[in-house]
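Note that the numbering runs from 1 along the sequence shown for the chain.
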Amino acid sequence: MKKLLMIVGVFVLALTAQAQNRVIVNPDYEVEEGSVISLVKVEQTDTATTLHVNVQCNLSGWSATNCWIEANGKRYALKSGFRIPTLNGMELKEDKELPTFNTAGEKTGTWFIKGGAEPFVEGKRYTNTGQMDSLVLHFEPFPADVTEFDFGDNIRKVSLVKTRKEEAIADSHILVMPDAAPEQFFDAIAAMFPGKVVFIDLWATWCGPCKLGIRKMGPMKKELKDKDVVFVYITNESSPEELWRKSIAPMSGYHLRMSSSYWDKLGMEGGIPQYYLYDRQGKQVLHLVGFGDGTENYFKEEILKALEK
């Protein structure tokens, strides 16, 4: 009997050890549409819970706030971590200078990017980052019975027992470039959806204000999901294709990635984000550059007006 109990005890300890040494790649979780943060991997041991996180950045940088995790009503503190800037999907080990251009292709200045890994500090504003930062964050370890946790304000219900299914936008939601001259491009996009109100969003994967606008408009889109309005998101080759496809996976609507040469011929001034709204008759009723406080409410009002026509 003692031998049996000993065997059972060893078995339980083995299960506990296994539970405390878990690696979840691409874990299942809930995230706000347009969030700049994605969770790549979770490693759990007896000494730490480690998160591998990607943060999409813009030229002005980002603030490292709300870096905590919570499980079963308890919050776990950040112990240590580091960040690695990346450019075009590659780790940036050395400082780099790149020219910046406006939409007309004219050089406007120089973008200095600080390379090399550095210690991660919560609350610090990281500037001159690459197109994406990779973070490795070490937190206090979870007990063995934790199966789900929240990370900061953006990522919720992270599962330690399930991984996300490969997210992909159906081919039917990726648009083909219309056969139209640049000056008729937006009219041609609206014409793809006869009888519908069409909201067009010009953005890029590296554009912080663009991503903020997409996230802020998420609740509004859910409210209008049963209305005759479609959302079209358009970018160009400055958004790397693989990153673009991952970014649009949770974004409901239609998507188009055009050549940069055609994009430059659209004659846009003021940079991105830019927004166009077309009514049911295919008439442009709104054009706005930039996204500010309360812009999503303004868009909702204008969309509802267009739906009533």
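In this pair, W244 and H255 present their aromatic rings perpendicular. The plane angle is above 60°, beyond the 30 to 60° band. The aromatic rings of F199 and Y275 sit tilted relative to each other, their planes meeting at an angle between 30° and 60°.
In this structure a side-chain-to-backbone donor-acceptor pair under 3.5 Å is missing from D133 to R83. Checked by atom type and distance alone, the side chain of H52 never pairs as donor or acceptor with a backbone atom of V42 at under 3.5 Å. With hydrogens and angles ignored, the 3.5 Å screen pairs no side-chain donor or acceptor of T49 with any backbone N or O of Q44. For the pair D95 (side chain) and G115 (backbone), a donor-acceptor distance under 3.5 Å is present. Counting only distance, with no hydrogens or angles, the side chain of K41 and the backbone of L51 share no donor-acceptor pair below 3.5 Å. Side chain of E148 to main chain of V158: no donor-acceptor pair is present (N/O by atom type, distance under 3.5 Å, no hydrogens or angles). Listed for the E237 side chain is a donor-acceptor partner under 3.5 Å among the backbone atoms of S260. At distances below 3.5 Å, not a single donor-acceptor pair connects side-chain atoms of T235 with backbone N or O atoms of R257.
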Next item on the list: Dump the intermediate steps for side chain to side chain donor-acceptor pair (under 3.5 Å) on N21 and T45, then the final yes or no.
Entry: CA-CA 5 Å; N21 287 275; T45 67; 5.3 Å; no

Next item on the list: Could you please spell out the steps behind the side chain to side chain contact (heavy atoms under 4.5 Å, CB included) verdict for K211 and S247?
Entry: CA-CA 10 Å; K211 300 286 286 186; S247 299; 4.0 Å; yes

Item checked: Test ring-ring contact (aromatic ring centres under 6.0 Å, His included) applied to Y262 and F185, step by step -> CA-CA 10 Å; Y262 189 97; F185 171 75; 5.7 Å; yes

Margin query: Walk me through whether I214 and Y233 qualify under side chain to side chain contact (heavy atoms under 4.5 Å, CB included).
Written below: CA-CA 10 Å; I214 292 170; Y233 298 90; 4.0 Å; yes

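E94 CD: 12 or fewer foreign heavy atoms inside a 6.0 Å radius.
Two residues are said to be in side-chain contact when any heavy atoms from C-beta on lie closer than 4.5 Å; P27 and K162 fail this criterion. Under the 4.5 Å side-chain criterion, counting only non-hydrogen atoms from C-beta, K221 is not in contact with K227. Side-chain contact between L160 and F149 is present, with heavy atoms from C-beta onward closer than 4.5 Å. Annotation: side chain of F151 is in contact with side chain of F139 (closest heavy-atom distance under 4.5 Å). Residues I200 and L277 fail the side-chain proximity criterion, which asks for heavy atoms closer than 4.5 Å. Using a 4.5 Å heavy-atom cutoff, the side chains of M217 and F299 are in contact. No side-chain heavy atom of W203 sits less than 4.5 Å from a side-chain heavy atom of Q274. Side-chain contact between P141 and T47 is absent, with no heavy atoms from C-beta onward closer than 4.5 Å.
A salt bridge does not link E308 with K305: none of the charged nitrogens is closer than 4.0 Å to a carboxylate oxygen. Salt bridge status for E241 with R245: present, with a side-chain N to carboxylate O gap under 4.0 Å. The existence of a salt bridge linking K79 and E140 is excluded, since no basic side-chain nitrogen approaches an acidic carboxylate oxygen closer than 4.0 Å. In this structure, D228 pairs ionically with R280, as a charged nitrogen and a carboxylate oxygen lie closer than 4.0 Å.
When L202, T205, I272, D201 are each tested for a side-chain contact (heavy atoms from CB on, under 4.5 Å) with C210, only one passes: I272.
Here the closest non-hydrogen pair linking G116 and P85 is O-CD, 3.4 Å. Of all non-hydrogen atoms in L224 and V229, the two that sit nearest each other are O-CG1, 3.8 Å. Closest heavy-atom contact between L256 and V176: CD1-C, 4.2 Å. Minimum heavy-atom separation, I155 to Y29: CG2-CD1, 3.6 Å.
Once rounded to the nearest 0.5 Å, the distance linking OG of S134 with CZ of F120 reads 12.5 Å. For the atom pair CG (N54) and CG (L135), the distance works out to 8.0 Å, reported to the nearest 0.5 Å. In this structure, CG in D279 is found 12.5 Å from CD1 in I303, a value given to the nearest 0.5 Å. Within the model, atoms NZ of K157 and CG of D150 stand 8.5 Å from one another, a figure rounded to the nearest 0.5 Å. The OG atom of S252 sits 9.0 Å away from atom NE2 of H173, with the distance rounded to the nearest 0.5 Å. Here I24 contributes atom CD1 and S159 contributes atom OG; the two are 7.0 Å apart, rounded to the nearest 0.5 Å.
With no hydrogens or angles considered, a side-chain donor-acceptor pair links S238 and W206 at under 3.5 Å. Between the side chains of N26 and T163, not a single donor N or O lies within less than 3.5 Å of an accepting N or O. When only modelled atom types and interatomic distance are considered, K216 and T295 share no side-chain donor-acceptor pair under 3.5 Å. Between the side chains of H138 and T50, at least one donor N or O sits under 3.5 Å from an acceptor N or O.
Clustering ILVMFWY residues whenever any of their side-chain heavy atoms sit less than 4.5 angstrom apart, transitively, puts V136 in a cluster other than the one holding I69. Note on W68: it does not cluster hydrophobically with F82, by side-chain heavy-atom contacts below 4.5 Å among ILVMFWY residues. Note on V232 and M258: same hydrophobic cluster, where clusters join Ile, Leu, Val, Met, Phe, Trp and Tyr whose side-chain heavy atoms are under 4.5 Å apart, directly or indirectly. Under the 4.5 Å side-chain heavy-atom criterion for grouping Ile, Leu, Val, Met, Phe, Trp and Tyr, W263 is not connected to V289 through any hydrophobic cluster. Linking Ile, Leu, Val, Met, Phe, Trp and Tyr whenever their side-chain heavy atoms come within less than 4.5 Å leaves I84 and L243 in two separate clusters.
By the side-chain contact (heavy atoms from CB on, under 4.5 Å) test, V230 is found to be paired with F193, V198, Y254, residues two or more places apart in sequence or in another chain being considered. For K74, the side-chain contact (heavy atoms from CB on, under 4.5 Å) criterion is met by Y76, not counting sequence neighbours.
Between F186 and Y276, a ring centre-to-centre spacing shorter than 6.0 Å is recorded.
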